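Take a look at the structure below.
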Amino acid sequence: MSSTGTEQHPPTALIIGASRGLGHAMAAEFLARGWDVVGTVRGTTARTPLHDLADHADGRVTIEHLDINDPGQLPPLHERLAHRRLDVLFVNAGTTNNEQTPIGAVATADFIDVMLTNALSPMRVIETLEDLVSPAGLIGAMSSGQGSITNNTTGGREVYRGSKAALNMFLRSFAARQGETQRAFVLLAPGWIRTALGGPEAPFTIEETVPLLVDVLLSQLGTPGLAYLDRFGQTVPW
């Protein structure tokens, strides 16, 4: 458990995009470690695995509704959460296009969709909600090793790569503007995981990956500044 919480008031993590996949598994992992969790889902009617988690969590999981690509939903979410102090704010968002399409042939609508979902919308969330995060807390986002410019020696998935590189740059700019803060900022590169986005050929499972990701986040609490880390806590080159 984080030192930012107390026995009477467990620390709280807000996971943006927790309905399924990595986000849901991270919510479950934080819950298992004694944290309270707020998780967001899109829409207001469909039942998700996060609802199943909440049903057995004794009130320690709160479900909020947010489409991160609708900025008009952010101020009401901030208002609903204004009474809470967050120890971790983590944005788990991701989409992709046809990964075989070279950048010059990508349809404008596909480009906008990927860049909006993977880069602009996560930063809108962070800019809107950052004041709810403890001064010693952590703000993070799900990046990718494919966002590394240094490591791109093969090409492919070019819009996705570009969107994650953009996210990295945007969070780096945000962290630079927070120069006096004691908060930690983390970009996570989880590896190729068997999720709806990663596909069935991915070599790593959610079950073996998510505990490592949460380990990394907790290890960064109390460490001011920005880190771009893989699931083992190793630095990923920009």
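Source: prediction; values computed, not measured.
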Heavy atoms, side chains only, cut-off 4.5 Å: are V125 and L74 in contact?
yes
How about CD1 on I103, more than 12 heavy atoms from neighbouring residues, nucleotides or ligands closer than 6.0 Å, or not?
yes
I need the T154 OG1 to R161 CZ distance, nearest 0.5 Å.
4.5 Å
L81 and V41: same hydrophobic cluster, using ILVMFWY side-chain contacts below 4.5 Å?
no
Would you check if there is a donor-acceptor pair between the side chains of N69 and S121 at a distance under 3.5 Å?
yes
Hydrophobic cluster membership, I139 vs M26, 4.5 Å side-chain cutoff:
no
Considering only NZ, NE, NH1 and NH2 on the basic side and carboxylate oxygens on the acidic side, decide whether D36 and R60 come within less than 4.0 Å.
yes
Below 30° counts as parallel, above 60° as perpendicular, anything between as tilted: where do the rings of F185 and F174 land?
perpendicular
How far apart are the C-alpha atoms of M123 and L171, what are their side-chain angles, what is the distance that settles it, and do they pass the side chain to side chain contact (heavy atoms under 4.5 Å, CB included) test?
CA-CA 7 Å; M123 293 310 305; L171 191 59; 4.0 Å; yes
Do you know which of V186, L89, V133 makes side chain to side chain contact (heavy atoms under 4.5 Å, CB included) with L138?
V186
Please assess D131 against H78 for the test side chain to side chain contact (heavy atoms under 4.5 Å, CB included), listing each intermediate value before the final yes or no.
CA-CA 9 Å; D131 66 304; H78 184 283; 2.9 Å; yes
Using the rule given for side chain to side chain contact (heavy atoms under 4.5 Å, CB included), can you reason through V106 versus E158, listing the C-alpha separation, both sets of side-chain angles and the distance that settles it, and then say yes or no?
CA-CA 9 Å; V106 170; E158 292 168 18; over 6 Å; no
Assigning hydrophobic clusters by single linkage (Ile, Leu, Val, Met, Phe, Trp, Tyr; side-chain heavy-atom cutoff under 4.5 Å), is I15 placed with L129?
no
Only residue of N168, D113, N118 satisfying side chain to side chain contact (heavy atoms under 4.5 Å, CB included) with S163 is N118
With sequence neighbours left out, write down each residue that passes salt bridge (Lys or Arg N to Asp or Glu O under 4.0 Å) with D230, or none if nothing qualifies.
none
Assess whether side chain to side chain contact (heavy atoms under 4.5 Å, CB included) is satisfied between R20 and T48, documenting all intermediate values.
CA-CA 7 Å; R20 59 189 175 92; T48 73; over 6 Å; no
Please tell me if the side chains of L221 and L218 come closer than 4.5 Å, counting only heavy atoms from C-beta onward.
yes
Between V37, V91, T40, V88, which is the residue that forms a side chain to side chain contact (heavy atoms under 4.5 Å, CB included) with L14?
T40
Of all the heavy-atom pairs spanning G140 and I126, show the shortest one and how long it is.
O-CD1, 4.4 Å
OG1-CD distance between T128 and Q73, expressed to the nearest 0.5 angstrom:
12.0 Å
Answer yes or no: is there a side-chain heavy-atom contact under 4.5 Å between V214 and W35?
no
Same cluster for L86 and M142 if Ile/Leu/Val/Met/Phe/Trp/Tyr side chains link at under 4.5 Å?
no
Does Y160 reach the main-chain N or O of G147 with its side chain, forming a donor-acceptor pair under 3.5 Å?
no
Going only through I, L, V, M, F, W and Y residues with side-chain contacts under 4.5 Å, is there a path from L229 to L187?
no
Under a 3.5 Å threshold, yes or no: a donor from one side chain and an acceptor from the other, between E208 and T205?
yes
If you look at every heavy atom in D215 and R33, which pair is closest and at what distance?
OD1-NH1, 2.7 Å
What closest approach, in Å, do A189 and G145 show between heavy atoms, and which atom pair accounts for it?
CB-N, 3.4 Å
Residues D70, R124: salt bridge by 4.0 Å N-O rule:
no
Grab the two heavy atoms, one from A93 and one from T117, that are nearest each other, plus how far apart they are.
CB-O, 3.8 Å
Counting only heavy atoms not in R42, do more than 12 fall under 6.0 Å of its CZ?
no
